[in-house]
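Residue numbering restarts at 1 for every chain, and letters A, B, ... go by the order of the sequence lines.
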Amino acid sequence: MRIFVGNLAWSVDDAGLQDIFAPYGEVTSANVMIDRATGRSKGFGFVEMPSAEEAQRAINALNGKEVGGRPLTVNEARPREERSGGGGGYGGGRGGGGGRGRY
DNA sequence: CATGAGCGC
């Protein structure tokens with residue numbers, strides 16, 4: 001599952017982000033978005049975890065947790081549109097039924 | 001000091 005992590009401290013980088021999620025489950029990928037214009041962190045990043053349940057637990061555990069002096073904003077990431085291909089916007093609501101069964 | 005809203009390549 002992909003996880004959106006916001007309100008990151010400047011001190012946190014890709015490795016630091018993975019280090020935060022590591023104890024909650026296997027982290028296959030962690031990325032802190034860097035603004036290429038200034039070279040500083042945009043203050044948010046993404047984490048990829050193969051286990052959706054561990055990922056969800058990590059979200060519950062890390063959301064609001066203070067790291068680097070700032071409370072993290074952790075949430076499931078939104079579907080990202082392909083770079084090639086127009087059209088934007090996010091359709092519909094947040095899946096029906098809730099939770100299980102979406103996949 | 002690049003310094004704070006926000007969903008990436």
Side-chain angles (χ1 to χ4, degrees):
Chain A
M1 140 182 269
R2 291 191 307 220
I3 304 171
F4 169 81
V5 184
N7 203 38
L8 284 171
W10 313 109
S11 308
V12 181
D13 59 355
D14 295 359
L17 187 60
Q18 182 170 356
D19 184 63
I20 295 171
F21 282 76
Y24 297 93
E26 181 182 358
V27 178
T28 55
S29 176
N31 286 112
V32 174
M33 290 297 130
I34 306 297
D35 186 350
R36 66 177 177 85
T38 60
R40 65 178 168 84
S41 171
K42 284 187 178 179
F44 68 92
F46 294 89
V47 175
E48 177 70 26
M49 296 182 75
S51 177
E53 44 188 341
E54 288 182 348
Q56 190 63 53
R57 292 169 65 186
I59 292 175
N60 293 330
L62 295 174
N63 187 21
K65 180 178 180 61
E66 187 172 300
V67 175
R70 290 205 165 211
L72 266 52
T73 299
V74 186
N75 195 340
E76 180 179 355
R78 293 176 179 172
R80 179 177 62 86
E81 69 276 16
E82 288 296 332
R83 179 169 55 185
S84 57
Y90 306 108
R94 296 281 184 177
R100 193 176 302 277
R102 183 172 55 201
Y103 299 112

Let me know the distance between CZ of A/Arg80 and P of B/dC7, rounded to the nearest Å.
14 Å
Checking contacts here: which listed nucleotide (B/dC7, B/dC9, B/dG4) is nearest the side-chain heavy atoms of A/Arg70?
B/dG4
With a 4.0 Å cut-off on heavy atoms, is A/Leu8 in touch with a base, just the backbone sugar-phosphate, or nothing at all?
base
Can you tell me whether the base of B/dG4 sits syn or anti, using the 90° cut around 0 to define syn?
anti
Mind calculating the distance between CD1 (A/Ile34) and P (B/dG8) to the nearest angstrom?
14 Å
Sidechain-backbone polar pair: A/Asp14 side chain, A/Val32 backbone, donor-acceptor under 3.5 Å
yes
Can you tell me how far P of B/dA5 sits from CZ of A/Phe4, to the nearest Å?
13 Å
Considering the options A/Val74, A/Val47, A/Leu62, A/Val27, which one meets the side-chain contact (heavy atoms from CB on, under 4.5 Å) requirement together with A/Ile20?
A/Leu62
Assign A/Thr73 to base, sugar-phosphate, or nothing according to its heavy-atom contacts below 4.0 angstrom with the strands shown.
base
Any side-chain heavy atom of A/Ile3 within less than 4.5 Å of one from A/Ile59?
yes
Is the phosphate of B/dA2 approached by A/Arg40 (side-chain N or O, under 4.0 Å from OP1 or OP2)?
no
Check: A/Val5 and A/Thr73 side chains under 4.5 Å, non-hydrogen atoms
no
